[in-house]
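Right, one structure below, let's go through it.
Whatever order the structure lists ligands and atoms in, that order sets their numbers, starting from 1. For reference, positions follow the sequence shown, starting with 1. Owing to the predicted nature of the structure, the values given are computational and were not obtained by experimental measurement.
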Amino acid sequence: MTQGMKERVFSGVQPSGNLTIGNYIGALRQWVAEQDAYECFFCVVDLHSLTVPQDPAQLRAKTREVAALYIASGIDPEKATIFVQSHVSAHSELAWILSCMTPLGWLYRMTQFKDKASKQQQESVGAGLLNYPTLMASDILLYQTHGVPVGDDQKQHLEYTRDLAQRFNHLYGETFTLPDIILPKTGARIMGLDNPNAKMSKSEVAEGHAVYLLDKPDVVKKKFMRAVTDSGREINFTEAPEKAGVNNLLTIYQAVTGQSQQDIEMYFEGKGYGDLKKTVGEAVTELLKPLQARYHELADEGGYLDEVLARGAEKACEVASTTLSQVRERIGLVGVHRN
Ligand code: TRP
């Protein structure tokens, strides 16, 4: 099958905070698995990061870091298109057009907006935060995307994207492919080590909350040794909220080793929480070793990364501008005509 006949997949990560093992297990690793079966576009969504205040130098550095981590995680630039969102101006342009077709009510009811807005002073909540889903819809719709691999916290944004696409198609004629969400196969939800009842987040600042992909081995091990557990001693997979810490450690171990729950429970039978933490910490350290080695190679010879991003932008632009031209035409924007 040639590239052009494959269905498309699009996903992205914001270059804010440090990518965590949760991002790797729940997203990057899934993407790697998809790059042969689909024509993939993996984007560093820098414009989305602007929805909350960013330090310019930090944003610049993190944008390159995230792109390098895509490659270090196993995404092959010869197979997938890796690019930076702001390099393709069609994203902003379509976002404006779609925002004009979005009822405010659809945006106000987004749980992510409500969460993020409630964490800021009301006067300082930017309009971009409200419009975040419109930009995300533009990312996805510009590529006539079939599948969007994201965590279930993005489900509502995907539903919004489909609603918006349907509305546009209905008003102006069949224009956009309706995308489906692709949920992680393992269904593994990686929780914070300091609070196993909250999802591990790259924007949480509390030390000991997350294990970052670029943490040094001794830091990784220390974070696991300090992980919150409980006062019991059973090491089993469980839904019990008071055992969420142990369950999280086991879930991480399973995601990393690929062993069955039964084998893992058997292995830890009769062992203590100290052993559990040590074993999981070591397994994660081993997982990260090759990834970090590749990352540092890329960071040292920055020219390759620049080249990948330039090629990615070119390829993405080609596809995105085709969709955007159709949209412009359908809604009645006049094109440039030179004699
Ligand atoms: N909102 C996504 C997240 O926080 C990031 C994102 C932006 C995205 N645009 C996207 C994901 C398009 C998938 C497709 O995880």
Inset, instruction - Look at the side chain of T161 and the backbone N and O of H157, then say whether any donor-acceptor pair between them is shorter than 3.5 Å. - result: yes

Inset, instruction - Write down, by chain and number, every protein residue that brings a non-hydrogen atom to less than 4.0 Å from an atom of ligand 1. - result: F10, S11, G12, Q14, V45, H48, Y132, M136, D139, I140, V148, V150, Q154

Inset, instruction - May I ask you to say whether K6 pairs ionically with E34, meaning some side-chain N is under 4.0 Å from a carboxylate O? - result: no

Below 3.5 Å, can you tabulate the donor-acceptor pairs from side chains in residues 217-229 to any protein atom, sequence neighbours excluded?
from	atom 1	to	atom 2	distance (Å)
K223	NZ	A210	O	2.9
K223	NZ	D215	OD2	2.7

Side-chain donor-acceptor contacts of residues 14-22 below 3.5 Å, not counting sequence neighbours, with atom names and distances?
from	atom 1	to	atom 2	distance (Å)
Q14	NE2	Y132	OH	2.8
N18	OD1	K62	NZ	2.5
T20	OG1	G22	N	3.0
T20	OG1	N23	N	3.2
T20	OG1	N23	OD1	3.3

Legend entry - Within residues 62-100 or reaching into it, pairs that qualify as ring pair (Phe, Tyr, Trp, His ring centres under 6.0 Å) - sequence neighbours excluded: W31-Y70, F83-H91, F83-Y143, H91-Y143

Legend entry - L305-L69 co-clustered via ILVMFWY side chain contacts under 4.5 Å: yes

